[in-house]
Amino acid sequence: MDLELAGSFIQQNHRAVLATRRRDGSPHLTLVTCGLDGVGRAIISSTEDRVKVKNLRRDPRASLCVMPDRFFGGGVQVYGSATIVSLPDAMEPLIDYFRRVAGKEHPTGMSTDGQWRASAGS
């Protein structure tokens, strides 16, 4: 699948499974919501205390399997090195994430402590 087609799929489908590596090297799988940022990187949002974030800080290699809501009907796998962006630097990317994925503004009153963006590419 070419990058343009994969990007289009991710823009339309936001359900995904993120794979990171535990300290012992075994996989850690997490259900996430994803999107694409303005330069075409896969993005997700999480809090700093999650296992996936701790795993990515130790080993930034990640795999993201994106699928449609109905589960069947194709999918896209993105893999590469994740970049974690913590607050306060993550505020603008987080607002952009909510606009792109949810189609709305950042929810009022939501705690943003520890929000981050992970980007994975080939």
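The structure displayed is predicted, hence computed values, not measured ones. If you read the sequence from its start, that first residue is 1, and numbering goes on from there.
Between Gly73 and Arg70, the shortest heavy-atom distance links the atoms CA-NH2, 3.9 Å. Of all heavy-atom pairs spanning Ser63 and Gln77, the tightest one is OG-NE2, 2.9 Å. Residues Met67 and Val17 approach most closely at CE-CG2, 3.7 Å, considering heavy atoms. Between Asn13 and Val66 the shortest heavy-atom distance is O-CG1, 3.3 Å.
In the hydrophobic clustering of ILVMFWY residues, with side-chain heavy atoms under 4.5 Å counting as a link, Ile44 and Phe9 come out together. No continuous path of hydrophobic side-chain contacts links Leu31 to Leu18 [ILVMFWY only; heavy atoms under 4.5 Å]. The same ILVMFWY cluster, assembled from side-chain heavy atoms under 4.5 Å apart, contains both Leu29 and Phe71. Hydrophobic clustering (side-chain heavy atoms under 4.5 Å, transitive across Ile, Leu, Val, Met, Phe, Trp, Tyr) keeps Phe72 apart from Val76. The hydrophobic clustering, which links ILVMFWY residues whose side-chain heavy atoms are closer than 4.5 Å, places Val39 and Leu36 apart.
Just one of Ile10, Ile43, Val101 meets the side chain to side chain contact (heavy atoms under 4.5 Å, CB included) condition when paired with Cys34; it is Ile10.
Take Asp69 and apply the side chain to side chain contact (heavy atoms under 4.5 Å, CB included) test, not counting sequence neighbours, and it matches Arg15. Asp59 is linked by a side chain to side chain contact (heavy atoms under 4.5 Å, CB included) to Arg21, Arg61, counting only residues two or more places apart in sequence or in another chain. Applying the salt bridge (Lys or Arg N to Asp or Glu O under 4.0 Å) rule to Asp89 yields no partners; only residues at least two apart in sequence or on another chain are considered. By the side chain to side chain contact (heavy atoms under 4.5 Å, CB included) test, Thr30 pairs with His28, Val32, Lys52, sequence neighbours left out. Legend: residues meeting side-chain hydrogen bond (donor to acceptor under 3.5 Å, both in side chains) with Thr33, ordered by chain and number and at least two apart, are absent. Arg22 meets the side-chain hydrogen bond (donor to acceptor under 3.5 Å, both in side chains) test with no other residue; sequence neighbours excluded. With sequence neighbours excluded, the residues forming a side-chain hydrogen bond (donor to acceptor under 3.5 Å, both in side chains) with Gln12 are Ser8, listed by chain and number. Here Asn55 pairs with Thr20, Arg58 under the side-chain hydrogen bond (donor to acceptor under 3.5 Å, both in side chains) rule; sequence neighbours left out.
Chaining together hydrophobic side chains whose heavy atoms lie under 4.5 Å apart leaves Val51 on its own.
Inter-residue side-chain proximity for Pro93 and Asp37 is flagged as unmet; no heavy-atom pair is nearer than 4.5 Å. With contacts defined as side-chain heavy-atom distances shorter than 4.5 Å, the pair His14/Pro68 does not qualify. Taking the side chain as every heavy atom from C-beta outward, Thr47 and Val53 never approach each other to under 4.5 Å.
If you take CD on Gln11 and CZ on Arg100, they are separated by 8.0 Å, rounding to the nearest 0.5 Å. Atoms NZ and OG, from Lys54 and Ser46 in turn, are 10.5 Å apart once rounded to the nearest 0.5 Å.
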